[in-house]
Amino acid sequence: MEDGEFRAIAFDGRGLRLIDQRLLPETEYWLEIPDTEAAARAIRDLVVRGAPAIGITAAYAAVLAARECPGDAAAWNEALDRLERARPTAVNLSWAVARMRRCAEGPAGVDPDALLEEARRIHAEDIEANRAMARAGARELGDSVGVLTHCNTGSLATGGIGTAFGVIAEGWRQGRIARVYADETRPWLQGSRLTAWELARLEIPFRVIVEGAAASLMAVGAVDWVITGADRITANGDVANKIGTCMLAVLARHFGVRMMVVAPWSTVDPNLPSGDRIEIEERDPTEIWRAAGIERAPAGFDAYNPVFDITPGDLVDCIVTERGVHFPPYDFASPGLVESP
Ligand code: MRU
């Protein structure tokens with residue numbers, strides 16, 4: 001493991017285990033995931049979250065499914081259908097499930113050992129992609145820059161050092177970054193709970209801000225780059241990411257701040273032409289009430305809780321994948337870039 005990396009997903013002799021991200025930063029508790037139903041629940045309930053991390057979890061869960069229904073390919077496929085439906089927006093989930101299905105079409109069929117090898121490959125590839133993106137993204141930053149990140153994109157959200165977080169960690173290591181700001185990220189507080197926990201582990205100094213402070217921060221010139229991850233990137237470079245990302249991109253353009261999106265190729269969905277075709281997950285309004293410290297709503301109070309938004313590709317200055325740094329106009333459907341089937 002390279003410096004600063006942390007593994008939040010483990011598959012070993014004890015089976016599949018996940019660090020329970022709902023309890024961080026107070027408690028580091030590893031949850032045992034005995035079967036595919038528990039894995040789907042863990043993804044739905046945000047025990048594990050972050051686009052690449054839920055893809056990796058689903059890949060290991062496909063191994064559990066093969067052990068649950070030996071010799072029954074139909075039951076295995078149904079279990080994978082249920083996994084795939086756990087969350088809709090991050091394409092990494094259906095991408096990983098599709099890879100596991102392709103593996104089962106090979107000579108070994110629905111074989112737990114062959115599937116475990118494939119799941120480990122998916123995990124290892126993500127770790128390597130993270131490292132490549134960290135290096136490529138850090139090169140783009142310039143010197144002595146201030147960065148603002150949103151949500152959580154580090155080891156908790158991926159297999160390795162992270163996407164946007166990896167660029168920040170590498171940029172800091174190279175001495176290119178002078179200031180790091182992390183958005184609190186309401187309502188689930190991925191920024192102030194998880195990104196803060198990861199930055200502190202690496203001893204990178206940072207300040208947490210509420211989303212509403214981003215404009216003020218940019219207005220005084222404290223930020224040169226907004227750096228985020230993505231849950232799905234369409235052929236034209238539109239980016240689905242944590243709610244609030246589009247707002248940051250609009251502000252960044254207004255204040256002359258650059259916007260970098262960092263995501264592995266497993267997040268690119270070249271089959272969707274544009275972001276308006278992406279299904280946006282809406283979660284329970286109670287997440288908003290609880291984040292405000294209120295357990296029950298007053299009568300008649302409702303909440304709208306979409307947890308992702310779409311940033312138009314033309315507001316994004318560059319998109320970093322493990323294949324390189326891409327600049328507008330984006331065309332992720334072009335034959336030279338599309339992954340071979
Ligand atoms: O709802 P979450 O916490 O799963 O949302 C996560 C994000 O939006 C991340 O920015 C994205 O998955 C990229 S993670 C490398």
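Predicted model only: the values in this text are computed from it and were never measured. Just so you know, ligand 1 is whichever comes first in the structure, and atom 1 is the first atom listed for that ligand.
- Leu315 belongs to a hydrophobic cluster with Val250, counting contacts under 4.5 Å between side-chain heavy atoms of Ile, Leu, Val, Met, Phe, Trp and Tyr, direct or through other members.
- Cluster partners of Trp30 are Phe6, Ile19, Leu24, Leu46, Leu156, Trp188, Leu194, Trp197, counting Ile, Leu, Val, Met, Phe, Trp and Tyr whose side-chain heavy atoms approach within less than 4.5 Å, directly or via other members.
- In this structure, Glu281 does not count as a contact residue of ligand 1, since none of its heavy atoms falls inside 4.0 Å of the ligand.
- Ligand 1 lies less than 4.0 angstrom from a heavy atom belonging to Pro52.
- Using a 4.0 Å cut-off between charged nitrogen and carboxylate oxygen, Glu279 and Arg232 do not count as a salt-bridge pair.
- Distances from ligand 1 to the non-hydrogen atoms of Asp231 include at least one value under 4.0 Å.
- Considering backbone and side-chain atoms together, Arg49 places an N or O closer than 3.5 Å to an N or O of ligand 1.
- Residue contact annotation: Thr163 has a non-hydrogen atom under 4.0 Å from ligand 1.
- Between Arg121 and Glu118 there is a salt bridge, since a side-chain N of the basic residue sits under 4.0 Å from a carboxylate O of the acidic one.
- Looking at Ser274 and Asp276, their side chains do bring a donor and an acceptor atom within 3.5 Å of each other.
- At a 4.0 Å heavy-atom cut-off, ligand 1 touches Arg87 through the side chain alone.
- Note on Arg17 versus Asp12: salt bridge recorded, some NZ/NE/NH1/NH2 to OD/OE distance being below 4.0 Å.
- Closest to atom 13 (C) of ligand 1, if we only count protein heavy atoms, is Ala230 O, 3.4 Å.
- A salt bridge links Asp81 with Arg101: the closest approach of a Lys/Arg side-chain nitrogen to an acidic carboxylate oxygen falls below 4.0 angstrom.
- Residue Gly229 has no N or O atom closer than 3.5 Å to an N or O atom of ligand 1.
- Note on ligand 1: Trp188 sits outside its first shell, no heavy atom being nearer than 4.0 Å.
- Contact check on Arg82 versus Glu37 returns a salt bridge, with a Lys/Arg side-chain nitrogen under 4.0 Å from an Asp/Glu carboxylate oxygen.
- Summary of contacts: the protein heavy atom closest to atom 12 (O) of ligand 1 is Ala51 N, 2.8 Å.
- Every atom of ligand 1 with a heavy atom of Thr158 under 4.0 Å away is listed here by number and element: 15 (C).
- The shortest contact between atom 9 (C) of ligand 1 and any protein heavy atom is with Asn241 OD1, 3.4 Å.
- Side-chain contact, Glu198 with Ser155: no donor N or O sits under 3.5 Å from an acceptor N or O.
- Taking any N or O of Gln190, backbone or side chain, at least one lies under 3.5 Å from an N or O belonging to ligand 1.
- At the shortest separation from atom 5 (O) of ligand 1 among protein heavy atoms lies Lys242 CE, 3.3 Å.
- Within the 4.0 Å heavy-atom criterion, the part of Phe308 lying near ligand 1 is the side chain and not the backbone.
- Between His123 and Phe11, the ring center distance fails the sub-6.0 Å criterion.
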